[in-house]
Every structure is written in C-alpha cells, then in structure tokens.
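Single-structure report; data block below.
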Amino acid sequence: MNQDIFGGYASRIQDALKNGPKRGQVKTKSFSGIGAIGAVNSARNSVNASWADSIKLMDLKSDETLFESLQPLSSIAGKKAKYHLKPGAHPDFVNISGDGVVNHYITSMFIDIKKSTNLFKKYEPIVVANITNTIQRAAVHVCWYFDGYIQRFHGDGLMVYFGGKNTTMQQSVDNACNAASIFSYFMENDLKNIFLEQDVDKIYTRIGIDAGEDADVLWYRAGMGECSEISTCSLHTSLAAHMQGNAESNGIMVGDNVKNNSSFKSDL
C-alpha cells in the first residue's frame, strides 16, 4: 500500500506529538491561596491557546480534505465513496419509528483504540483529543470508502455497520474485512515510527467483526423522540464488540459467519 495515502493523518498526529503542550509545561509552584486553581487553569488555557491554530480539532473543511486523500481506495471498493456525517441513521432503516421492527442481516465491526490513556502522562488533554480524534477520523473515512455506516462513537471505540437492503451479505463481509485490514495497516506501519521518535508508547487498535443473518438481527429505534438512533439487537452485533478484546495489537478477530460468508475464506 502507498504510505502517502495516510500522509495527512500521520503528519497531523506527528505534529501533535512533537509540538503539542506537555504535562508540566504549566508551572504551578508560583500559585498559592484561594485563587490557585483558577490561576493554574488560566495558565493552562493560555498554553493551549498558544497552540490552538494547529492543535484544534478538525473542522469540516480539513475533514473533507483528509477524506478525499483516500480516493485511491475507490479502486479497491469498486464504487463511489459516500461522505456523510450523522451516526445512528442507516438510510435503509431510518424510517423505522415507534415500536416498528425489521429483520435484516448486518455485518458489525467494533474498533477500539488502546493505550491512548498513556498519553495523559506526557501531554495536555488537548493533544490527546487531537490524536485520538484523528485516528477515529481515519477509521471513519476508510469505512465510508467501503460502504460502512457509522453507528456510534463509544469513547475511544467505534461501532460500524456494513450492508443494507441493496447489498449482499457477502459484499458486506468483504467490505468490512477490507476496511479493517487497511485501517490496521495504517496503525501498524504508518504510525509506528512516529510514536517511537517521541518516546511514546505506541497506540494500537483491536477490531472485532461478526455478521448476523436476517432471522438473527432485529432493527429498531433505540431511545425515544430526538434522543434516539437506529440500532440492531443481535448476538452477533454484541459479539463484534467482545471479539475485539481477543484480537492482537492492530489485529482483527472475526466470527464464523464472517469466515463462512467471505469471498476470501482462505485468508481469514
């Protein structure tokens, strides 16, 4: 794979690690008395503000630029990539309302970012947020190129659905496996030296993927009114999240339904 595809994401993370405000950069010894906490917070805000132009979380313009940098992935996916922002709103099931339910298969992927909390030992929270946000964006963008639908952001984690009414189960499984493999490659190879250069423990991801047949997956609207999302109730959806816990560093763990429905079974 051409490493330059992820160059924008990698350089953003490298800049945060190299130039971001570090723990201890805000001096506290001179602060005392009732106003100490306020003075420390003021000093920290000043340090963060001085680096705000380069550390601020991604706006829509920079997000789209990074998304478009992955255009070469279209040759693998074989279809035009979509760009959308709203999670929990799969277009094939978004019209489910009230107590309505639909049985339909889905392939679920859970991506978890590990060891990011170690960054707090060395960096201010604004740096940690920038790095984890960039990694999550890379995952989201790759999944969008492979027809993935973002279901939910869960702390450092991310739940993604693949498949729908106009996609076969095999296509959804293949898309999920391709997206997971490419994103894991980025984490394992493109970021490795960047963390080593700054003497920071490597951040890695673990991914779980499972697929449920029509009869085993129930689509419904979780929550109520504006505080709701389209979701699935399925053992296989839950298993995707559990499987990631058994994956190796930057590895992928898949269920039997993924292996049985994939067009490249021998590689799983």
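Keep in mind that what you see is a predicted model, and the values were worked out from it rather than measured. All values below come from the heavy atoms of this structure, side chains included, with hydrogens, waters and symmetry mates left out.
In this structure a side-chain-to-backbone donor-acceptor pair under 3.5 Å is present from Tyr145 to Phe67. Using a distance-only test at 3.5 Å, with no hydrogens or angles considered, a donor-acceptor pair links the side chain of Asn261 to the main chain of Asn257. Without hydrogens or angle criteria, Gln151 side chain to Pro87 main chain gives no donor-acceptor distance under 3.5 Å. Distance alone, capped at 3.5 Å, places no donor-acceptor pair between the Asp210 side chain and the Thr107 backbone. For Thr65 (side chain) and Lys61 (main-chain N/O), a donor-acceptor pair under 3.5 Å exists by modelled atom type. Judged by distance alone, with hydrogens and angles left aside, the side-chain atoms of Ser262 form no donor-acceptor pair with the main-chain N or O of Val258 at under 3.5 Å. For Asn130 (side chain) and Ile126 (main-chain N/O), no donor-acceptor pair under 3.5 Å exists by modelled atom type. A donor-acceptor pair under 3.5 Å is formed between the side chain of Tyr9 and the backbone N or O of Leu66. A donor-acceptor contact shorter than 3.5 Å is absent between the side chain of Tyr220 and the backbone of Ile96. Between the side chain of Ser228 and the main chain of Gly225, a donor-acceptor pair closer than 3.5 Å is present.
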(Q) Working note: Ser234 + Ile106, criterion side-chain contact (heavy atoms from CB on, under 4.5 Å); need CA distance, chi angles, decisive distance, verdict. (A) CA-CA 9 Å; Ser234 170; Ile106 200 63; 5.9 Å; no
### Task
Could you walk me through whether Thr132 and Ser116 pass side-chain hydrogen bond (donor to acceptor under 3.5 Å, both in side chains), step by step?
CA-CA 7 Å; Thr132 55; Ser116 62; over 6 Å; no
Working for side-chain contact (heavy atoms from CB on, under 4.5 Å), residues Phe146 and Met109 | CA-CA 12 Å; Phe146 287 92; Met109 174 195 293; over 6 Å; no
| message | Between Val160 and Ser108, does the side-chain contact (heavy atoms from CB on, under 4.5 Å) criterion hold? Intermediate values first, please. | response | CA-CA 6 Å; Val160 189; Ser108 303; over 6 Å; no
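Side-chain contact between Val140 and Phe153 is present, with at least one heavy-atom pair separated by less than 4.5 Å. Annotation: side chain of Leu119 is in contact with side chain of Leu17 (closest heavy-atom distance under 4.5 Å). Between Val142 and Phe6 the shortest side-chain heavy-atom distance falls below 4.5 Å. When side chains are defined from C-beta on, Phe162 does not count as touching Ile209, because their heavy atoms never get closer than 4.5 Å. Side-chain contact between Arg206 and Lys114 is present, with heavy atoms from C-beta onward closer than 4.5 Å. Annotation: side chain of Pro91 is not in contact with side chain of His84 (no heavy-atom distance under 4.5 Å). Side-chain contact between His242 and Phe110: absent, with no pair of heavy atoms (C-beta onward) separated by less than 4.5 Å. Contact annotation: the side chain of Lys82 approaches that of Asp147 to within less than 4.5 Å [non-hydrogen atoms, C-beta and beyond].
Ring geometry for Tyr83 against His141 counts as tilted: the plane angle lies between 30° and 60°, on a 0 to 90° scale.
Residues passing the side-chain hydrogen bond (donor to acceptor under 3.5 Å, both in side chains) test with Gln14, sequence neighbours excluded: Glu197. Every residue two or more places apart in sequence or in another chain was checked for a side-chain hydrogen bond (donor to acceptor under 3.5 Å, both in side chains) with Glu64, and none qualifies.
Under 3.5 Å, the side chains of Ser263 and Asp174 contain a donor-acceptor pair of N or O atoms. In this model, no donor atom of one side chain and acceptor atom of the other lie less than 3.5 Å apart for Asp256 and Asn260. Using modelled atom types, one finds a donor on one side chain and an acceptor on the other under 3.5 Å when comparing Asp59 with Ser62.
Counting heavy atoms of neighbouring residues, nucleotides and ligands inside a 6.0 Å radius, atom NZ of Lys115 does not exceed 12 of them. At most 12 non-hydrogen atoms from other residues, nucleotides or ligands lie less than 6.0 angstrom from NZ of Lys192.
Aromatic rings from His90 and Tyr161 are positioned such that their centres are separated by 6.0 Å or more.
Glu229 has no carboxylate O lying under 4.0 Å from a charged side-chain N of Lys86, or vice versa, which leaves the two without a salt bridge. Using a 4.0 Å cut-off between charged nitrogen and carboxylate oxygen, Arg23 and Glu124 count as a salt-bridge pair.
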